Amino acid sequence: MSTMTDNFVPRRKKRITGRSIAILAFLAMCAAFFCIPLYVVIVTSFKTMDQIRLGEIFSLPVTWTLEPWREAWSEACSGIKCEGVSAGFFASLKILFPSLILSLSVSSVTGYALALWNVRWAGTFMFILFMCAFVPFQIIMIPMIILTGKIGVYGTIWGVAVVHAVLALPILTLIFRNFYKDIPGEIMQAAIMDSGSFWRIYREIILPMSANIFIVVLILQITSIWNDFLIGITFGGLNNKPMTVILANTVISATGESSYNVDMAAALLTAIPPLLIYFVLGKFFVQGITAGAIKG
Amino acid sequence: MKLNYTVAAAALMMPLSASAEELVGYHGWSTTSEISALRVLIDAFEAQGNTWVDLAIPHESESNLGLINLITGGNPPNIFVESNPGVYRDLMAMGYGQPVTDLFNDTGVTENLPDAVLQSITVDGEIMKIPTGIHIDGMIYYNLDVAEAAGVDPAGWTSVDDMLADFDKVAEAGYMPIAVGGQSFQVGYLFHALVAAVAGPDIYYRMYQDQPDPTVFDEPAIKEVIELVRTFSELADEGSMNRSWSETTNLVITGQALMHLHGDWMKGEWRAAGKVAGEDFGCINIPGTKALSVTVDAFGILGGVDDETLAAELAWATIVVDPVNTAAFSANKGSSPIRFDAPADALDICNTVVLDALQDPTKGVQNPFNISDGDWHNSIWDVMFNFWSDPTMTSDEAIEELKYSYDAVFG
């Protein structure tokens, strides 16, 4: 706390200066950069196609209609199944939980082992993991298809979960390791002295201390799993197509007619779940990130 | 009599033997028109006792990664929408190719196909693709109300010059003469459609093939086409940059512009807006056209399967090319039927324009994607789009660029 007060400088009286105008203008531009397209997406989703055909994308709907939203949720076609993006919503949930459990458990234990136990070749191992974080998925996709095919999970929920866990492993392990390595050595020594085993220390001491970092990783993973298209489409098989795939089917058409209002509503519906997670857990996210940062 | 019984028994056996078959169909169709078209075929297929397992993934790009992934993972689909001949060559090499040459020859399909279709579905001498519909890469769809208000009759145009001469009249009446979308895809399609229409099939095939003829760039007709592209780019309105084809078509549908020159899948937008061919809009080929570039959408079927599965796959192929089915499919999808003997009452005026033109075997040329190297037509797109976007670039400079690209790709 003392460092906080030392650095505290009373704020000067608010005056409008050239600099603050410049900052405000810059921030307004940044906000507009995201808000204008979002505005177009939102108003388009409430317009009728007749109005959209006229092309004035910035105008407000003449008649507000919820029809596109209803159609996007329950009627839009993905292939011959016309059940809207709602079908994908439940498939996405089915994919989300196994993928989350698998990726979080594997990477937190790996991070814990690498940070707090004397693992032989730990440095080399970390380095390799670190390098792996930079390998684009597309490069290793075909070998992974063959691998998952060989172990018999290709085309199932577990295939998707395994691939999500493996691909997230490098970066999540790094995050967990950096968090755990700041746990004082004395705690570990005391725990080992009390004859705690690897798993018992993890379960009874480390895990209860990890709420912050788990929330950070949870948010990162939920977002990336929910927004994923390529892994779901490649490894999910026939019946496990996530919401993004249904969305792509609804929206992408090379030579077919387009219903922009339904497309926009479907896109918004698909974006809502991760958005909600951010709103609900956002506070913890910042806490978790800064907790890691200050301790170092 | 005995023979008849055998035939009857065989006819009964066919659907029975296929009755347990469950085929996975892989496609990228999801819009209302696409789905209602596909439904025609699936209903006929399931009426025979088969089951269609739907696998829809959009694959509009030319490389169908999804299909290859499914095969690599050991879950290949039985039926797939695919037009790229390269994919069929790959499948053949992997032992998954299944020609339908004999089936089509024996059931009288081949003789009723337009030449352009037959060429397009044939890969290395075997019919590998099961054609679903014909799209023309460059047709003119125009708003009949606007034509009337401006006092022009597009159906009477006999040359591109006629068309351009009428544009002033349209502009004076307060309409945009032509709606264009400034995207490389649209400019690329406009260009090859014009090469076919204005320069003719010989020059077209010298330009678009595995090994293009480098002397083709010095043909005066190529220069003429490039200058025509310039004329169109000068007619573009302010909002044309990066406007999608569907929004561009909507300028015509809503009566702001007279016409749109683009692939005839435009029809889908007109129909979605509740407009009727011949009443609200007219369709013509590029005036004085020497050839039409033809895109043929097609299914492929998986080879290397057991006999029962193969019988069901071939039953699917038979259903797709049935004259009544192809007419119903095309009526829903907005394409034209792939057979000359499709029932006439199922055709709209646009289909008639297309099929009449294709009666002349020299008039149909194949879409560049089907016959030429991907790098080559991509670089043509780049050159033409740069030309479109840069008003200071001359047609001679564009020709130089084409030659330069040719050297880069084939040199």
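Quick caveat, the model's predicted, so the values are computed rather than measured. Proteins come first, then strands; the chains are lettered A, B, ... in the order of their sequence lines, and each starts at number 1.
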Subject >> Under 4.5 Å from any heavy atom of chain B - which part of A:Lys241 >> reply: side chain
Subject >> Side chain, backbone, both or neither of A:Tyr260 within contact of chain B (heavy atoms, under 4.5 Å) >> reply: side chain
**OP:** Looking only at non-hydrogen atoms, find the nearest pair between B:Asn332 and B:Ser36 and report the distance.
**Re:** ND2-O, 3.1 Å
Subject >> A:Asp228 (side chain) donor-acceptor with A:Gly232 (main chain) under 3.5 angstrom >> reply: yes
Original post:
Does any heavy atom of chain A fall under 4.5 Å from the side chain of B:Thr254, the backbone, both, or neither of them?
Top reply: side chain
Subject >> Side chain / backbone / both / neither for B:Leu55 at chain A, heavy atoms under 4.5 Å >> reply: both
Subject >> Those residues that, when tested against B:Asp348, pass salt bridge (charged side-chain N to carboxylate O under 4.0 Å, His left out) (two or more places apart) >> reply: B:Lys267
Subject >> Which of A:Asn249, A:Thr148, A:Ile145, A:Ile246 touches chain B most, by non-hydrogen pairs under 4.5 Å >> reply: A:Asn249
**OP:** Pick one of side chain, backbone, both or neither for B:Ser244, based on which atoms fall under 4.5 Å of a heavy atom in chain A.
**Re:** side chain
**OP:** Can you see which heavy atom on B:Thr309 is nearest to which on B:Leu23, and at what distance?
**Re:** CG2-CD2, 3.7 Å
Subject >> Presence of salt bridge, B:Arg243 and B:Asp237, under 4.0 angstrom >> reply: yes
Subject >> Interface residue of largest heavy-atom contact number with chain B, from A:Val251, A:Thr234, A:Val245, A:Ile233, under 4.5 Å >> reply: A:Ile233
Original post:
Would you call B:Glu82-B:Lys129 a salt bridge at under 4.0 Å N-O?
Top reply: no
**OP:** Look at A:Leu54, A:Ile146, A:Asp50 and state which one has the largest set of heavy-atom pairs under 4.5 Å with chain B.
**Re:** A:Leu54
